[in-house]
Undergrad: 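If you scroll down you'll find the structure; I have some questions about it.
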Protein chains: 2
Amino acid sequence: MILGEKYNEELKYFVAVDCVIFGYEDDELKLLLYPRRFEPHYKEWSLMGGFVQPDESCDAAAQRVLQLTVGLTDIYLEQIGGFSAPNRDPGGRVVSIAYYALVKINEYKKSLVSEYGGRWFTLNKTPNLVLDHEQMVKEALLKLRLKATYELVGKELLPEKFTLTQLNNLYNAIFKKTFDQGNFRKKLASLKVLEQTGEKDTSNSKRGAYYYKFK
Amino acid sequence: MILGEKYNEELKYFVAVDCVIFGYEDDELKLLLYPRRFEPHYKEWSLMGGFVQPDESCDAAAQRVLQLTVGLTDIYLEQIGGFSAPNRDPGGRVVSIAYYALVKINEYKKSLVSEYGGRWFTLNKTPNLVLDHEQMVKEALLKLRLKATYELVGKELLPEKFTLTQLNNLYNAIFKKTFDQGNFRKKLASLKVLEQTGEKDTSNSKRGAYYYKFK
DNA sequence: GCAAAAGTGTTACCGGTACACCCATGT
DNA sequence: ACATGGGTGTACCGGTAACACTTTTGC
C-alpha cells in the first residue's frame, strides 16, 4: 500500500524542539547557547532543546523549554520550521521543529542559565554547533529580519524604556548595516508606535536622549 | 530529569506530511483535495498526505507523495511549518509538516488523481476539511502571496507559454484583487524575466495577444 | 464602424535615501 | 569654545497608482 492506509503500519520517531534564543546587549545581537547534556556530541555547543511531551504541542514544548532555561514566561516565540533529514541526529531518528525566541537579556534568570552552562555569544562569533543547529540559526536570522522589516522589533529585545539611538543600533545589529539616523527616526515617527517618556538617558551624551517606550 | 537526558526515555510519535496543492485554471486558483483513505474521518475531504518513511526527510516525503498522486516529478514545494497540537488527530499522536505545492494543472496525471478520488476545487469554494487542514490552507495562501510579492510567480502554475493577461489574471486570483493592467505590465517589463515568443493567442480577442515565456 | 481585448502613455504622489544642518550641554 | 552625541530639515529619485488613450481585428 504505497501511501499507507493504517497508522499502525507506520513508524514513529522522536519529536523535539530546538530554540534559537536571541538577545541584545552592548549594541550586539547575541545568541544563548548551551553545552549539550547527552550523547551524541555530549558537551558540544548547541541550541537549547527538548523532546515534545504527550500532552503538549511543539509551541508549548518550546515555551516550556525556555521557561526552564531562561526562567521567563510569555516569551516571544516563532516557529522556523521542521528539520527532518533522516540522518541529522546520529543518536536516533529525531524530527525537530525549530523556533526562535526574543528575550530581554537583562531579565533572564542568570542562575538558571548558568545551571545548564548557558552562555551568550555575539552573533558571528559563535562556536561550531551540533547537528544542523547552524542551519537553524541561519534561518532564524532570516525570519527575524523579515519580521523586522514588516514591523518594529524591539519590544521583546530592549528594556522597557530605551532611546531611539538604542533602537537604531538594534536595527544596525540585526541587519549588519548602518541605518541613517535621520531617516530611521522619520520612519519611527510615521509608525506612531512609540511614545516619549519624560526621562532622559544622560549616560551617553551631555545633552541626554529621551527614553521612549512602546505604546 | 526535567529536560530529558536520554533519548530512550522519550516517547515517539507518527510524523506525516500534508500537501496543499495549488493549481490555476479558468482564471481561478484551485486546490487539489482528496477523500481521506482511512479512519478517522474516512472519506471526508482532506489534503493529500502521507507518513514519513525511515529513509527520507519530510521534504522527500512530500515529493514522493506528490509524485504518487499527481504523477509529476520536480514539483515546486515549500514548507509551511509543523502542526502538532496533541489532539489534532483523533487517530493517534501525529505531528504533521505541511507543504504547499504549485503544479501546472494541465500536466498532472488525471488517471492517478482520479484513482484516489482527487478533485480540484476553486479556492473559497472548498468543502470542510479534516483535522487542521483548513488552517494549513490558510497559511499556504499567505506564504504563496508572500512569495508572489517578492518574485514573479507563474512558471510553476501557468503553461509554458502564456499571455500577459493570463499572468495578470493569475495575480488577481492569488491576491483576490484587480491589478491595473498598465501598471502590471510596466512592472513585468522592469523585471526582465519574460520574453516574447513570436506566436499569438487569438482565442480571447480579435487582435490577439502575444505569448510569453520565462527566460 | 464598433465592440472588445491588447497594449501604451501621462501625471501625481509617496516613501526612501543622502546629506547638510541645528541643538544642548559637560568639560 | 568646542567636542559629542541627539535631533531636524531639505532636495532628489524611483516606484506605484490612477486613469486616459491608442491599436488591432473580427463581426
Side-chain angles (χ1 to χ4, degrees), chain A residues 24 26-28 145-154 158-159 161-214, chain B residues 24 26-28 145-154 158-159 161-214:
Chain A
Y24 179 67
D26 300 331
D27 297 345
E28 285 181 328
R145 284 181 179 164
L146 193 64
K147 176 182 163 67
T149 52
Y150 283 123
E151 59 184 296
L152 190 58
V153 164
L158 294 170
K161 294 169 182 177
F162 50 86
T163 66
L164 299 188
T165 304
Q166 277 180 282
L167 188 51
N168 200 154
N169 287 336
L170 170 60
Y171 265 74
N172 292 346
I174 291 176
F175 289 92
K176 290 191 209 309
K177 70 172 201 174
T178 305
F179 289 89
D180 179 273
Q181 201 194 22
N183 298 332
F184 190 78
R185 293 167 111 95
K186 214 188 309 171
K187 179 67 182 172
L188 288 180
S190 77
L191 293 176
K192 298 192 204 325
V193 295
L194 299 181
E195 61 183 1
Q196 221 185 49
T197 69
E199 307 143 78
K200 280 193 169 187
D201 167 29
T202 51
S203 60
N204 290 305
S205 82
K206 290 134 193 184
R207 178 176 175 179
Y210 280 108
Y211 280 118
Y212 284 76
K213 61 176 184 179
F214 281 84
Chain B
Y24 179 67
D26 301 332
D27 297 345
E28 283 180 330
R145 283 180 179 165
L146 193 64
K147 177 183 162 67
T149 52
Y150 282 123
E151 59 185 296
L152 191 57
V153 163
L158 294 170
K161 293 168 183 178
F162 51 87
T163 66
L164 298 188
T165 304
Q166 276 180 281
L167 188 53
N168 200 153
N169 286 337
L170 170 59
Y171 265 74
N172 293 347
I174 290 176
F175 289 92
K176 291 193 208 309
K177 70 172 202 175
T178 306
F179 289 89
D180 177 273
Q181 202 193 21
N183 298 332
F184 190 78
R185 294 168 111 95
K186 213 186 310 170
K187 179 69 183 171
L188 289 180
S190 77
L191 293 176
K192 298 191 203 327
V193 295
L194 300 181
E195 62 184 0
Q196 221 185 48
T197 69
E199 306 142 80
K200 279 193 169 189
D201 168 29
T202 52
S203 61
N204 289 304
S205 84
K206 291 132 193 184
R207 177 175 175 180
Y210 280 108
Y211 280 118
Y212 285 76
K213 62 177 183 180
F214 281 84

Undergrad: Looking at every strand, decide which applies to B/Asp180 at a 4.0 Å heavy-atom threshold: base, sugar-phosphate, or nothing.
TA: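 Touches a base.
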
Undergrad: Applying a 4.0 Å non-hydrogen cut-off, can you work out what B/Thr165 is touching in the nucleic acid: base, sugar-phosphate, or nothing?
TA: sugar-phosphate

Undergrad: What is the distance, rounded to the nearest whole Å, between atom OH of A/Tyr210 and atom P of D/dG7?
TA: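 Going from A/Tyr210 (OH) to D/dG7 (P), I get 8 Å.
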
Undergrad: What are the two closest heavy atoms between A/Ala209 and A/Thr163, and how far apart are they?
TA: CB-CG2, 3.8 Å

Undergrad: Between B/Phe179 and B/Lys177, is there a cation-pi geometry (under 6.0 Å to ring centre, at most 45° from the normal)?
TA: yes

Undergrad: Can you measure A/Leu164 atom CG to D/dT8 atom C1' for me and round it to whole angstrom units?
TA: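 Taking CG of A/Leu164 and C1' of D/dT8, I get 13 Å after rounding.
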
Undergrad: Select base, sugar-phosphate, or nothing to describe what B/Asn204 touches, counting heavy atoms under 4.0 Å on all strands.
TA: sugar-phosphate

Undergrad: Of B/Ser190 and A/Thr163, whose nearest nucleotide on DNA chain D comes first from the 5' end?
TA: A/Thr163

Undergrad: In whole angstrom, give the distance that lies between atom CD of B/Glu199 and atom P of C/dA6.
TA: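 B/Glu199 atom CD is separated from C/dA6 atom P by 17 Å.
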
Undergrad: Send over the distance from B/Tyr211 OH to C/dA6 P, rounded to a whole Å.
TA: 11 Å

Undergrad: Atom CG of B/Leu194 to atom P of C/dG7: distance rounded to whole Å?
TA: 12 Å

Undergrad: Can you measure A/Phe162 atom CZ to D/dG6 atom C1' for me and round it to whole angstrom units?
TA: 16 Å

Undergrad: Between B/Gly182 and A/Asn183, name the one whose nearest nucleotide on DNA chain C is closer to the 5' end.
TA: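 Result of the comparison: B/Gly182.
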
Undergrad: Taking NZ from B/Lys187 and C1' from D/dG15, how many angstroms apart are they, rounded to a whole number?
TA: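 Those two atoms, NZ and C1', are 7 Å apart.
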
Undergrad: Scan A/Gln196, A/Glu199, A/Lys161 and name whichever one has a side-chain contact (heavy atoms from CB on, under 4.5 Å) with A/Tyr210.
TA: A/Gln196

Undergrad: What is the nucleic acid contact for A/Lys186, judged by heavy atoms within less than 4.0 Å: base, sugar-phosphate only, or nothing?
TA: base

Undergrad: Protein-nucleotides 23-27 of chain C N/O pairs closer than 3.5 Å?
TA:
unit_1, atom_1, unit_2, atom_2, d
C/dC23, O2, A/Arg207, NH1, 2.5
C/dA24, O4', A/Arg207, NE, 3.4

Undergrad: Please determine, for the side chain of B/Ala209, which listed nucleotide (C/dA6, D/dG7, C/dA18) has the closest atom?
TA: C/dA6

Undergrad: Do the two ring centres, one from B/Phe162 and one from B/Phe214, sit under 6.0 Å apart?
TA: yes

Undergrad: Is there side-chain contact between A/Val153 and A/Tyr171, with at least one heavy-atom pair below 4.5 Å?
TA: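 Contact flag for A/Val153/A/Tyr171 side chains = yes.
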
Undergrad: Do A/Leu146 and B/Leu146 touch side chain to side chain, with heavy atoms closer than 4.5 Å?
TA: yes

Undergrad: Whole-Å distance between D/dT16 C1' and B/Leu191 CG?
TA: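 Computing the B/Leu191:CG to D/dT16:C1' distance gives 13 Å.
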
Undergrad: With distance as the sole test, does B/Thr197 use its side chain to make a donor-acceptor pair with the main-chain N or O of B/Tyr211 at under 3.5 Å?
TA: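 Yes; at least one donor-acceptor contact below 3.5 Å.
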
